[in-house]
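One structure below.
Keep in mind that this is a model prediction, so the values were computed, not measured.
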Amino acid sequence: MGHTATAEAGSGGLTATEHRLANGLRVVLSEDHLTPVAAVCLWYDVGSRHEVKGRTGLAHLFEHLMFQGSKQVHGNGHFELVQGAGGSLNGTTSFERTNYFETMPAHQLELALWLEADRMGSLLAALDDESMENQRDVVKNERRQRYDNVPYGTAFEKLTALAYPEGHPYHHTPIGSMADLDAATLEDARNFFRTYYAPNNAVLSVVGDIDPVQTLAWVEKYFGSIPAHDGKPEPRPGDLPEVIGEQLREVVEEEVPARALMAAYRLPHDGTRAADAADLALTVLGGGESSRLHNRLVRRDRTAVAAGFGLLRLAGAPSLGWLDVKTSGGVEVPQIEAAVDEELARFAAEGPTPEEMERAQAQLEREWLDRLGTVAGRADELCRFAVLFGDPQLALTAVDRVLDITAEEVREVAAAKLRPDNRAVLVYEPLATEQNADGDDHEEGADQ
């Protein structure tokens, strides 16, 4: 078979084994016979951080091109075959990876593996000017619909550009710019595929009602002959000082339904105890309707209609703590900002109460177990820990690490990081303030 297996490890009864093909493809298998379904997840170690100036958006464009046809599967055939077999599928792009996934009836697992192998091995045979132009237009329309033409749509893009300086690999978001999407050529796309869409730059996980021996035989049959590629450049380093050192601000005047205060705090890299502690801090402060900021701003002061604080985990650069508050009625942003800073300062001094700590750990534990409890979620997490941290087994013990964090660690990371001189701030001011005469018609923003 040309593979090696690691020893099994598990948490809560979950297990996973790792194998490697001769061409470098890493394969992670996790049996789960509870339901007759199987999830296939393929992570490529390429995201927007690998892009260069003038060619942003290529990673996301390629996510779309991978559904545009390959040598054996034409046009929309990938969707048609998976959905016709009773399965579901999609793909996503982030700063640090591009992933593709299917959840199938267990007896259709071979079809999903063949489809993924066919486009990994033969996409270039089908990539032409017509498919390039088609998907370029699709991505540009996605940018218009999700970013440019919706309230607060460019907030994430603006805040990351503030939080990560010009020239930093995370300065731009995966969607890319219109100008760069227009500038991308067919040869750019072909070179991108040759460089990054190789088996030795990917992790394949298969989770569910599977026979591991048969599954590995299929993987070897369909993926084993795809050649490796050794020309991948290392991504530019994403390290930055631990604290920004000043407060960066931008005021945006747009047609939005309410004033908004958004901020991105520079937080520890993913995969560290400090990142888990930061996750717990943000959960206490802004993770749901029992959080401190919701209780203060929405329930008590009634100055906001929504207040959330969430963690964008990043492995190759400092993570971001994402604050999102939508104001109520005619409330001004400085009033909101003063209240937020008061709550953060109190938390930095006192830390979480035992009840808050227990609730936050239970909330994150539930979220982790929800992900690991589904075949698709577990497949994705196994790939994530394999690609970003080198060890898929870490996915199975993530819950234990969260529960091991102490209240003092949570307080310390809040005191060190949740400070005014460690944030990029975005203030939204409506163009027509009379639209906000009452507080009943506001959009509630979701955490990033």
Side-chain angles (χ1 to χ4, degrees), residues 145-160 162-163 247-265 279 281-312 320-350 352-353 355-356 359-360 363 414 417-420 422-448:
Q145 292 170 4
R146 295 180 55 194
Y147 292 77
D148 297 335
N149 297 332
V150 295
Y152 318 107
T154 58
F156 183 61
E157 189 173 53
K158 290 178 184 297
L159 270 181
T160 52
L162 280 175
Q247 184 171 196
L248 307 171
R249 297 181 76 87
E250 181 178 340
V251 177
V252 182
E253 294 184 355
E254 287 184 359
E255 292 185 10
V256 292
R259 293 187 178 93
L261 170 68
M262 301 186 191
Y265 291 78
D279 205 353
L282 300 189
T283 301
V284 172
L285 287 164
E289 295 186 359
S290 63
S291 67
R292 289 196 181 192
L293 291 177
H294 185 91
N295 280 328
R296 168 73 185 271
L297 299 172
V298 180
R299 286 184 176 169
R300 197 192 88 180
D301 295 352
R302 298 187 179 181
T303 53
V305 294
F309 215 167
L311 179 63
L312 174 64
L320 289 183
W322 182 273
L323 174 71
D324 186 350
V325 182
K326 304 297 193 307
T327 67
S328 175
V331 174
E332 300 281 349
V333 168
Q335 182 180 350
I336 293 284
E337 193 167 4
V340 168
D341 285 343
E342 183 181 315
E343 291 299 325
L344 296 187
R346 181 181 297 115
F347 190 78
E350 301 172 0
T353 66
E355 293 78 13
E356 287 176 326
R359 186 166 58 243
Q363 186 172 330
K417 305 292 186 181
L418 301 182
R419 313 172 356 193
N422 188 39
R423 69 184 176 203
V425 176
L426 208 58
V427 175
Y428 275 90
E429 290 286 345
L431 285 175
T433 55
E434 64 269 15
Q435 294 177 356
N436 301 293
D438 62 66
D440 297 328
D441 191 27
H442 298 303
E443 174 183 312
E444 294 199 7
D447 293 342
Q448 291 289 328

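- Ala339 approaches Leu297 most closely through the heavy-atom pair CB-CD2, 3.7 Å.
- In this structure, CZ on Arg296 lies 13.0 Å from OG on Ser291, to the nearest 0.5 angstrom.
- Partners of Ala263 by side chain to side chain contact (heavy atoms under 4.5 Å, CB included), not counting sequence neighbours, listed by chain and number: Tyr265, Leu323, Arg423, Val425.
- Here the shortest heavy-atom pairing between Val256 and Pro430 reads O-CB, 3.6 Å.
- Take Arg346 and apply the side chain to side chain contact (heavy atoms under 4.5 Å, CB included) test, not counting sequence neighbours, and it matches Arg292, Glu342, Glu343, Glu350.
- Remark: Phe156 CZ to Met262 CE distance equals 12.0 Å, nearest 0.5 Å.
- Side-chain N or O atoms of Asn422 include one that pairs as donor or acceptor with a backbone N or O of Lys417 at under 3.5 Å.
- Of all heavy-atom pairs spanning Ala260 and Val333, the tightest one is O-CG2, 3.9 Å.
- Rounded to the nearest 0.5 Å, atoms CG (Asp301) and CD1 (Ile336) are 7.5 Å apart.
- Summarising the geometry of Arg359 relative to Ser290, their closest heavy-atom pair is NE-OG, 3.4 Å, with the distance given to 0.1 Å.
- Nearest heavy atoms, Gly321 versus Leu282: CA-CD1, 3.7 Å.
- Once rounded to the nearest 0.5 Å, the distance linking CG of Leu431 with CD of Glu253 reads 6.5 Å.
- One finds the CD atom of Glu337 at 13.0 Å from the OG1 atom of Thr327 (value rounded to the nearest 0.5 Å).
- With rounding to the nearest 0.5 Å, the separation of CG in Leu320 from CG in Leu159 is 8.5 Å.
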- Apply the test side-chain contact (heavy atoms from CB on, under 4.5 Å) to residues Leu285 and Leu418: give CA-CA distance (whole Å), side-chain angles for both, the deciding distance (0.1 Å), then the verdict. CA-CA 11 Å; Leu285 287 164; Leu418 301 182; 3.6 Å; yes
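- Contact check for Asn295 versus Arg300: no side-chain heavy atoms found under the 4.5 Å cut-off.
- Side-chain atoms of Glu356 come within 3.5 Å of backbone N or O of Thr353 as a donor-acceptor pair.
- The nearest pair of heavy atoms linking Gln247 to Arg249 is OE1-NH1, 3.0 Å.
- By the ring-ring contact (aromatic ring centres under 6.0 Å, His included) test, Phe347 pairs with no residue at all, sequence neighbours left out.
- More than 12 heavy atoms of other residues, nucleotides or ligands lie within 6.0 Å of CZ in Arg299, so this atom counts as buried by the packing criterion.
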- Query: After noting the C-alpha distance and the side-chain angles of Phe309 and Val340, does the key distance pass the side-chain contact (heavy atoms from CB on, under 4.5 Å) rule?
  - Reply: CA-CA 11 Å; Phe309 215 167; Val340 168; 6.0 Å; no
